[in-house]
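Here the structure comes first, spelled out in structure tokens, and everything after it is commentary.
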Amino acid sequence: MERLINKISKLTPSEEKVFEFIYNNRAKVTNMKITDLARDSYSSKTVIINMCQKLGFEGFSDFKYYLKTQNINMKHTLSYRFGHPNPQF
């Protein structure tokens with residue numbers, strides 16, 4: 001997620017609002033459909049798709065896959081760092 005923050009300057013204000021919503025709700029967003037994200041972030045599917053493409057993804061599905069892998073990597077890092085043998089805690 002941190003590498004994406006460098007690309008925020010390319011986003012429109014509407015896309016920035018969506019990005020902020022996603023950043024603050026990463027775990028929840030990985031299980032959302034694009035229509036749910038549009039509703040919850042007060043935007044549209046077009047804004048979300050454009051944002052994903054500006055961040056270097058093919059679309060929302062590709063971006064969502066990235067978020068899921070980031071969440072898994074974070075769980076493994078935290079479990080290793082804090083001595084939990086099971087990353088599920």
Side-chain angles (χ1 to χ4, degrees):
M1 223 26 212
E2 309 315 321
R3 77 173 178 93
L4 300 180
I5 292 174
N6 297 330
K7 297 182 179 184
I8 289 179
S9 62
K10 297 179 181 180
L11 304 179
T12 66
S14 297
E15 293 163 350
E16 282 183 27
K17 281 178 47 180
V18 173
F19 184 86
E20 183 179 356
F21 179 88
I22 292 169
Y23 188 82
N24 292 329
N25 299 281
R26 285 173 275 200
K28 179 181 175 182
V29 171
T30 60
N31 297 310
M32 294 176 85
K33 296 177 183 174
I34 193 169
T35 53
D36 298 329
L37 177 58
R39 180 194 65 230
D40 290 359
S41 64
Y42 303 101
S43 82
S44 68
K45 293 190 300 185
T46 302
V47 168
I48 294 167
I49 292 167
N50 289 341
M51 179 207 68
C52 292
Q53 291 174 342
K54 285 180 184 177
L55 294 175
F57 300 95
E58 290 184 27
F60 181 63
S61 296
D62 190 29
F63 180 62
K64 208 162 75 163
Y65 177 78
Y66 169 80
L67 290 176
K68 285 181 183 181
T69 59
Q70 291 301 301
N71 285 340
I72 290 169
N73 290 340
M74 187 178 295
K75 284 182 183 179
H76 285 289
T77 300
L78 290 173
S79 68
Y80 175 77
R81 176 176 245 164
F82 296 108
H84 295 283
N86 182 355
Q88 300 298 320
F89 295 96

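Being a predicted model, the structure only gives us computed values, none of them experimental.
In this structure, CG on D40 lies 8.5 Å from CG on N25, to the nearest 0.5 angstrom. The distance from atom CZ of R39 to atom NZ of K33, rounded to the nearest 0.5 Å, is 10.5 Å. Here CD of E20 is found 11.0 Å from OG of S41. Values are rounded to the nearest 0.5 Å. Remark: L67 CG to K28 NZ distance equals 14.0 Å, nearest 0.5 Å. Rounded to the nearest 0.5 angstrom, Q70 CD and Y65 OH are separated by 10.5 Å. Between atom NZ of residue K64 and atom CG of residue N31 there is a gap of 7.0 Å, rounded to the nearest 0.5 Å.
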**Request:** Dump the intermediate steps for side-chain contact (heavy atoms from CB on, under 4.5 Å) on V18 and L11, then the final yes or no.
**Result:** CA-CA 10 Å; V18 173; L11 304 179; over 6 Å; no
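The shortest side-chain heavy-atom distance between I22 and M51 falls under the 4.5 Å cut-off.
For residues 28-50, no residue pair satisfies the ring-ring contact (aromatic ring centres under 6.0 Å, His included) rule, not counting sequence neighbours.
Within a 6.0 Å sphere centred on CD of E16, heavy atoms belonging to other residues, nucleotides or ligands number more than 12. By the neighbour-count criterion of 12 heavy atoms within 6.0 Å, atom NZ of K54 is densely surrounded, having more than that number from other residues, nucleotides or ligands.
In this structure, the ring-ring contact (aromatic ring centres under 6.0 Å, His included) partners of F57, at least two apart in sequence or on a different chain, are F63, Y66. Residues satisfying the side-chain contact (heavy atoms from CB on, under 4.5 Å) criterion with K7, sequence neighbours excluded, are R3, L55.
Using a distance-only test at 3.5 Å, with no hydrogens or angles considered, a donor-acceptor pair links the side chain of D62 to the main chain of E58.
Criterion: ILVMFWY side-chain heavy atoms under 4.5 Å apart, direct or through other members. Under it, Y23 and I48 are part of a common hydrophobic cluster.
The heavy-atom pair separating K68 from T30 by the smallest distance is CE-O, 3.0 Å.
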